[in-house]
Every structure is written in C-alpha cells, then in structure tokens.
Asker: 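Following this message is one structure expressed as structure tokens.
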Number of protein chains: 2
Amino acid sequence: MSDHDSGRAPQKRVTIKDVAKAADVSPMTVSNVVNGKHQFVSEPTRKAVEREIARLNYRVQHSARSLRVSRRRSVGMIFVDESPSFLVDHFNAHVVAGLCNVLSTADHTVTVQGIRAGQFNQSSIIRNFAVDGFCVVLSGPPDARSTILDSLINLDQPLVLMQEPIASPNQETCIVRQDDAGGGRLLADHLAARRVGTVLVVVPSQNWPAIDQRVAGLREGFQAAGGDVRIDVVQAETEEFDSARAAVMGYLDRHPLPDAIVGGNDRFAIAAMSILLDRGIAVPERVKITGFNGFEQRRYARPLVTTVISSAYELGERAGQMLLTRFEEGRFPTRELVLPVHFELGETT
Amino acid sequence: MSDHDSGRAPQKRVTIKDVAKAADVSPMTVSNVVNGKHQFVSEPTRKAVEREIARLNYRVQHSARSLRVSRRRSVGMIFVDESPSFLVDHFNAHVVAGLCNVLSTADHTVTVQGIRAGQFNQSSIIRNFAVDGFCVVLSGPPDARSTILDSLINLDQPLVLMQEPIASPNQETCIVRQDDAGGGRLLADHLAARRVGTVLVVVPSQNWPAIDQRVAGLREGFQAAGGDVRIDVVQAETEEFDSARAAVMGYLDRHPLPDAIVGGNDRFAIAAMSILLDRGIAVPERVKITGFNGFEQRRYARPLVTTVISSAYELGERAGQMLLTRFEEGRFPTRELVLPVHFELGETT
DNA sequence: CTGTTAGCGCGTTCAG
DNA sequence: CTGAACGCGCTAACAG
C-alpha cells in the first residue's frame with residue numbers, strides 16, 4: 001500500500017510473485033505473460049499483468065530462469081592472444097561486432113574474454129563461463145592450439161572455431177573461416193604476373209593459423225605460376241607496427257632489396273612500406289607491396305596497399321547463426337563454413 | 001565412422017552432489033572446497049574431493065550459485081553507437097580490453113553490447129542483462145543521452161559512465177573520463193603559438209560528448225591565447241574515413257584554405273590530410289593538422305599527425321576497478337575519476 | 001484459460 | 001570439521 005509512482009524504493013528484488021500478488025493472479029500467469037505465451041493468457045489479464053510489471057519495474061531474474069530451463073541465452077567469445085589489447089586488431093573487433101549483433105537479435109548475449117595461451121589451462125574463468133556455447137579464435141603453434149582445443153572440447157558445449165584450418169573434430173564443433181589460402185594464391189598470381197623474382201614475407205612470430213594459410217597459399221600460387229621465385233620469411237617479435245618495422249629493417253640490412261614485400265596483414269604491409277619510404281625506395285616501381293584484410297586502417301597509408309579483403313564481420317555473423325541454429329535445432333547446420341575472399345587492387349603493385 | 005552417435009547419451013550435468021557421493025563426503029564439503037574455504041576442510045578430504053572434481057569433470061553451475069548468492073560476477077559493457085561495428089573504433093576496443101582484463105583477474109566476466117540510441121528503450125536485452133553492474137559509453141545529443149541515462153539508472157545497478165562530462169547523478173553512478181577539454185586546450189596553445197588565424201574543425205555528426213569537450217577546450221584555449229582566431233566546424237555524416245573526406249572536400253570547395261585543420265580524432269585528421277595531399281597542399285607548411293587519441297593507426301599515415309594521447313585502455317581498467325570496489329565494499333571509491341591526456345608532437349604542425 | 005506442485009543446483013544456517 | 005534442511009526465483013507438467 002505504501003508505494004505509488006512516487007515511492008520507488010524497492011530495496012528487495014521484485015519477483016514474479018510480487019507481480020502476481022499485485023495483479024491478483026498466479027505466478028504462473030505472470031511467467032506466461034513475461035515469456036510471451038499469449039495463448040495461455042486472456043487479453044485483460046495480460047494487460048493487467050503488464051501494467052503491474054511496469055509499475056513495479058519488474059525484471060526477470062536471469063539466473064533463476066537459467067537454473068530452471070538450463071539455458072543461459074549467452075555465448076562466450078574467446079580470443080587466445082598474447083596481446084592484452086586483443087580487440088584492437090580489426091579482425092577481432094569485426095568478428096565480435098558481427099557475432100554480437102546477430103545474437104542480440106535473438107536475445108542472446110556475448111561475453112568476451114582474451115587470454116594468453118599459457119594461462120588457458122589454469123584459468124578457472126573459462127571453465128566457469130556461464131554460456132551455452134563458445135566461439136573461439138585460437139593462436140599459437142599447432143600443438144599448443146590442439147591442447148587448448150582439447151580443453152575446450154572437454155567443456156562439452158557447442159563450439160565454433162574461427163579461422164582454424166583443421167577439420168571439425170566432432171558433432172559439437174564447427175569451423176567458420178575464410179579462404180585465406182585462396183587469398184594467398186590470388187596475391188601470388190598477381191605478383192607473378194608482374195614478374196617478381198624475390199619476395200619478402202613479413203609475419204608476426206605469434207602463430208596465427210590464418211596467416212600461415214595465407215603464406216601457404218602464396219607459395220602454392222607461385223609454384224603454380226611456374227616462375228622461379230625465392231621467398232624469404234621474417235617474423236616480427238610482436239604484432240605491433242614497430243615490431244614489424246624492426247623485422248623488416250633487420251632483413252633489409254642483410255639482404256638485397258626484394259622485388260615484393262607481402263605483409264601477413266595490412267598493418268605489416270604498411271609497416272614495411274613505411275621503411276621503404278623512409279629510405280627513399282619507390283613503391284611500387286622498385287618494390288611492390290601487398291597486405292591482407294582491407295579494413296579501414298588501410299586507407300590511412302599511401303600509396304594504397306594492394307590487398308585481399310576479409311569479411312571478418314560476416315564471419316562473426318555466420319558464427320552467431322551457426323550457434324543459434326545449434327541451440328534451436330540441436331545440431332550445427334554444417335561442420336564447416338568457408339567464406340570467400342576478394343582481391344583488391346591498390347597502388348602498391 | 002560414428003563419432004556421430006557413440007557414447008554421447010543425454011549425459012546429465014555433474015553436480016556437487018555427484019562429486020560428494022563419489023568422494024564420500026557431504027555436498028557442503030565439496031562446496032567448501034570449490035569456494036576455497038579451506039579452513040572448513042581437512043587437507044586429505046580436500047585432496048580427495050579435488051581428485052573427484054577433476055575425474056568427473058565437474059564445473060560449478062553458475063546460475064544456481066548466482067541465484068543463491070545474488071551475484072553474477074559479471075558486468076555489462078554497453079556502447080550506444082549508431083555504427084554496427086562499434087568495436088572497430090580503437091577507443092572502444094581499448095576500453096573493452098582494459099575492462100575485461102581487470103575484471104577477469106577478479107574472476108569477473110564482461111558482456112558487451114552495441115546498441116543504437118533509438119533502439120535503447122525498446123531493447124529487452126539490456127533490461128534483462130544478467131550482470132552486477134554496467135559500464136556505458138553514451139553518444140548522441142544531450143537530451144537523447146539523458147533519456148538513456150534515466151533508463152540505465154532505472155535498472156538500479158551500479159553504473160560507470162565513461163566519457164560523460166556531467167556530474168554523477170547519484171551514489172550508484174560514477175563517472176570515468178579523461179580530460180578531453182584539457183586536450184583541446186593543449187592543441188589550441190600549440191596552434192596559437194604557431195600563429196594560426198583560421199581553423200577548420202572536423203567532427204562526426206553523431207554527437208560524442210568527448211569530442212564536444214575537445215572542441216570546447218580548443219575554443220577556450222584560443223580565447224585564452226588572445227589572438228583573433230576564426231573557427232569553422234564541419235560535420236561528417238558518419239564516422240567513416242570517406243565521410244570525413246567528403247566533409248572536408250565540401251568545405252574546401254567553398255572556403256579559402258584554413259591555416260589548420262583539427263580532427264575530432266586521428267581518423268578525421270588523417271582523412272583531412274589525405275585530401276590536402278591529393279591536392280598538393282603542403283602539410284604542415286601551408287596547413288597544419290592535429291588529431292586526437294594517438295592509437296596505433298596514427299602511425300600508418302605520414303607525415304605523423306600531431307595529437308593528444310588518450311589512455312583508453314587505462315580508462316577501461318579504472319572503470320573495472322571502480323566496479324570491483326563497488327561490489328566488494330558497497331560503494332564507489334569516488335564519484336568521478338578524470339585521467340590526464342598528453343600532448344604528442346608529430347610532423348604535421 | 002488459470003492455479004498448484006515440484007524441483008533446477010547451490011550455499012547459508014545451524015546442528016552435530 | 002561435517003551433514004541435513006531449507007529456499008533463492010523461476011517454469012514444466014499437470015490439475016482444475
């Protein structure tokens with residue numbers, strides 16, 4: 001009796017019971033209203049209940065519902081990454097955005113977590129994630145990845161692996177990736193047509209399967225093109241711009257100028273290019289440059305880098321759709337989904 | 001080859017009871033082990049219980065625990081943003097990373113959600129977020145922001161507002177921001193010392209409080225510096241690179257060349273610079289350029305843009321710390337926290 | 001259409 | 001140090 005619209009001081013949580021009492025119906029009816037089971041509720045009672053819900057500012061207690069129905073309506077997005085700022089990579093950022101947006105249309109929530117490979121197995125946080133399924137981007141050498149994969153599978157929850165070149169190990173796991181190897185081949189074709197003889201590839205030392213695939217595709221492409229191309233690979237210590245620059249400088253100081261530099265992604269390509277420009281080496285006349293991804297940052301550097309376009313946002317969306325149909329229908333629609341990539345000519349080749 | 005049907009029966013969840021039975025102790029003892037209440041458990045029983053936990057692959061049922069203790073150990077990070085790819089902005093990405101990393105050390109989880117201002121109030125997803133508190137980055141004009149703020153406050157949960165210039169409206173709300181106005185003043189001082197007479201400011205039309213503050217600080221700074229400076233502001237339709245370019249082109253086609261262009265952030269500064277370079281206008285000799293934020297992308301463009309450095313990652317960390325002490329001690333340590341910014345000289349002034 | 005009963009898995013309380 | 005009872009808020013399955 002105490003509270004009209006003025007007195008809003010519910011120090012105790014408003015439950016379905018409170019609403020039921022206020023609307024003079026049973027808790028079950030309130031539950032039916034809340035869950036949109038309108039077949040079970042008459043129009044007038046529904047209105048009355050809805051009014052009380054609004055008046056009391058009732059919100060469902062998610063944990064109680066989850067406990068009852070064994071569904072969290074939530075997925076965990078995990079990045080195994082050595083960098084604390086794991087979301088600063090545009091690929092990751094796009095994936096999260098796409099995943100998030102798809103899932104939220106189905107009233108699902110996304111919990112993100114970046115974690116270093118070495119900490120993965122000690123981490124209680126992942127084991128105790130309150131989610132219905134996972135979407136994971138792995139990094140590191142194959143054996144480390146496979147150890148982590150085992151822990152993940154052990155969680156016994158639906159799992160989408162992003163950018164993993166392996167086959168999905170079981171029914172509960174599904175792969176969503178893009179054709180990185182194909183992208184590498186596209187670049188090789190393009191460079192081969194420009195009669196490139198020596199190529200420097202710049203990659204991070206942290207082992208990203210997608211980047212490995214790009215390099216593998218590049219080799220394949222050059223092989224198929226016939227010509228006798230020499231490929232050198234240098235690794236940058238970290239993923240950072242300056243790290244890539246250092247790696248390229250180190251190489252250039254000890255080797256003759258290559259005909260082309262291929263970055264594992266656009267950042268690496270642009271870092272390499274910045275060195276060449278510092279040294280007054282003409283791009284693309286003297287050295288050609290290609291990147292990978294084609295996100296917005298590419299526009300900042302000039303000349304515009306020739307690249308292969310990734311649909312990272314769409315990868316995130318697809319992963320979300322996969323998980324949703326897995327939740328609703330009990331199985332993934334397919335064990336593997338591969339998105340195409342697109343060659344994008346710039347001014348550096 | 002059927003991994004298809006093999007042993008995978010409905011497989012009931014392993015509960016604390018199962019572990020108790022297996023270890024031949026009471027469920028309560030298992031609970032004490034799980035929660036590290038070692039004072040209540042003898043060494044040998046603990047070992048035994050831990051062995052059974054590992055053997056049965058037991059994981060705590062988060063929703064049952066939450067229901068019991070009224071704690072989710074989770075915070076919601078919300079971006080009110082018109083762009084679907086809300087995480088692609090490095091500021092946002094850094095904030096999430098910082099928040100996430102701090103919270104995960106305390107075994108808390110972060111749920112992210114981007115949402116358009118217009119959809120905010122219809123959105124059931126925010127109302128039903130299963131979290132203990134929120135961290136929010138608002139955008140839009142002041143009245144729209146304040147409507148959203150009201151809904152947020154109505155959720156009756158601890159709330160950290162990032163980059164809001166307003167005072168914290170109540171005990172449950174706390175502001176974490178950086179000194180954007182101060183940053184604007186730094187830039188004004190710098191440009192004033194270079195005897196700039198006309199300035200073009202380029203901002204997105206989507207209203208970000210932080211950018212408003214930067215522009216306000218800039219005006220203040222020029223005022224304080226005395227000189228008679230003319231400031232024109234153009235708005236880009238969206239936050240994208242090309243949108244900023246279009247806005248600048250539109251301006252330049254109708255006005256004489258300004259002495260300086262100030263971007264609301266580095267992206268806008270670099271977009272403006274790209275136009276000048278296209279048109280063969282010398283930077284910084286003919287037109288000076290400044291940005292804001294100083295994230296890695298700034299390195300891609302040359303000449304290197306003079307900017308003000310944001311500690312976005314640290315803002316995220318601080319927000320996380322705020323929330324943690326709010327959870328643990330029942331109140332925020334302070335109602336407002338303002339981080340300093342730093343002037344960073346580049347080659348464009 | 002509406003109400004009743006009976007837990008979901010866990011942690012607090014209080015007794016051994 | 002360990003165990004038994006109880007209930008957190010919600011909803012499936014049934015009754016009326």
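Below, chain A is the first sequence line, B the second, and so on; all start at residue 1. Reckoned from all heavy atoms, side chains included, excluding hydrogens, waters and symmetry mates.
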Asker: State, yes or no, whether a side-chain contact exists between A/Arg59 and B/Leu155 at a heavy-atom distance under 4.5 Å.
Answerer: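 With C-beta onward as the side chain, the pair touches.
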Asker: For B/Phe327, give me all partners under ring pair (Phe, Tyr, Trp, His ring centres under 6.0 Å), at least two apart in sequence or on another chain.
Answerer: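 Expected list: B/His108.
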Asker: Determine whether the side chains of A/Thr173 and A/Asn170 contain a donor N or O and an acceptor N or O closer than 3.5 Å.
Answerer: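 Note: A/Thr173 and A/Asn170 side chains meet the donor-acceptor criterion.
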Asker: Taking OP1 and OP2 of D/dT2, is either one under 4.0 Å from a side-chain nitrogen or oxygen of B/Thr45?
Answerer: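 So the side-chain polar atoms of B/Thr45 do come within 4.0 Å of the phosphate oxygens OP1 or OP2 of D/dT2, strictly under.
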Asker: Nearest-Å distance, CG (A/Asn35) to P (D/dA12)?
Answerer: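 Value for this atom pair: 7 Å.
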Asker: May I have the distance from A/Asp18 (atom CG) to D/dC10 (atom C1'), rounded to whole angstrom?
Answerer: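 Taking atom C1' of D/dC10 as the reference, CG of A/Asp18 is at 13 Å.
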Asker: Kindly indicate whether the side chain of B/Met322, heavy atoms from C-beta on, has any atom under 4.5 Å from the side chain of B/Pro333.
Answerer: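 Side-chain contact under 4.5 Å: yes.
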Asker: What's touching nucleotides 5-8 of chain D from the protein side, N or O pairs under 3.5 Å?
Answerer:
from, atom 1, to, atom 2, distance (Å)
D/dG7, N2, B/Arg68, NE, 2.7

Asker: Regarding A/Val25, tell me which of base, sugar-phosphate or nothing describes its non-hydrogen contacts under 4.0 Å with the strands shown.
Answerer: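 Sugar-phosphate only.
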Asker: Evaluate B/Asp81 against B/Ser139 for side-chain hydrogen bond (donor to acceptor under 3.5 Å, both in side chains), listing each step before the verdict.
Answerer: CA-CA 6 Å; B/Asp81 193 336; B/Ser139 67; 5.3 Å; no
Asker: Dump the pairs, protein N or O against N or O of nucleotides 14-16 of chain C, anything under 3.5 Å, distances to one decimal.
Answerer:
none

Asker: From C-beta outward on B/Tyr58, which listed nucleotide comes closest to its side chain: D/dC1, C/dC10, D/dA12?
Answerer: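 Taking heavy atoms from C-beta onward, the closest nucleotide is C/dC10.
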Asker: C/dG11, OP1 or OP2 - any side-chain N/O from B/Arg65 closer than 4.0 Å?
Answerer: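 So the side chain of B/Arg65 is within the cut-off, an N or O lying under 4.0 Å from OP1 or OP2 of C/dG11.
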Asker: Report the distance from atom CZ of B/Phe40 to atom C1' of C/dT13, rounded to the nearest whole Å.
Answerer: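 Distance, rounded to whole Å: 12 Å.
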Asker: Does a donor on one side chain sit under 3.5 Å from an acceptor on the other, for B/Thr45 and B/Ser42?
Answerer: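 There is such a pair between these side chains.
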Asker: Give the minimum heavy-atom separation between B/Arg145 and B/Glu164, together with the two atoms involved.
Answerer: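 Minimum heavy-atom contact is NE-OE2, 3.0 Å.
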Asker: Between A/Asn32 (CG) and D/dA13 (C1'), how many Å, whole number?
Answerer: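 Interatomic distance, CG of A/Asn32 to C1' of D/dA13: 12 Å.
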Asker: Whole Å only: how far is the CD1 atom of B/Ile16 from the P atom of C/dT12?
Answerer: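 Rounded to the whole Å, the gap is 11 Å.
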Asker: Rounded to the nearest angstrom, tell me the gap between atom CZ in A/Arg71 and atom P in C/dG9.
Answerer: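 One finds 17 Å between P of C/dG9 and CZ of A/Arg71, rounded.
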Asker: Looking at C/dC1, D/dT11, C/dG3, which one has an atom nearest to any side-chain atom of A/Thr29?
Answerer: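 Per side-chain heavy atoms of A/Thr29, the pick is C/dG3.
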Asker: Between A/Pro27 and A/Glu43, which is nearer to the 5' end of DNA chain C once each is assigned its nearest nucleotide?
Answerer: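 With A/Glu43 and A/Pro27 compared, the 5'-side residue is A/Glu43.
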Asker: Provide, to the nearest angstrom, the distance between the CZ atom belonging to B/Arg72 and the P atom belonging to C/dG11.
Answerer: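 Nearest whole value for this atom pair: 14 Å.
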Asker: Should we say atom CG of B/Asp24 is surrounded by more than 12 heavy atoms from elsewhere, each under 6.0 Å from it?
Answerer: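 Open: at most 12 neighbouring heavy atoms sit under 6.0 Å from CG of B/Asp24.
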Asker: If I take atom CZ in residue A/Arg46 and atom P in nucleotide C/dC1, what distance separates them, rounded to the nearest angstrom?
Answerer: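 The answer, rounded to whole Å, is 12 Å.
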Asker: Should B/Val136 and B/Met162 count as side-chain neighbours, where that means a heavy-atom distance under 4.5 Å?
Answerer: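 B/Val136 does not reach B/Met162 side chain to side chain.
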Asker: If you only use heavy atoms from C-beta on, which nucleotide in D/dT11, D/dT2, C/dT2 is closest to the side chain of A/Ser31?
Answerer: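 The answer is D/dT11, which lies nearest to the side chain.
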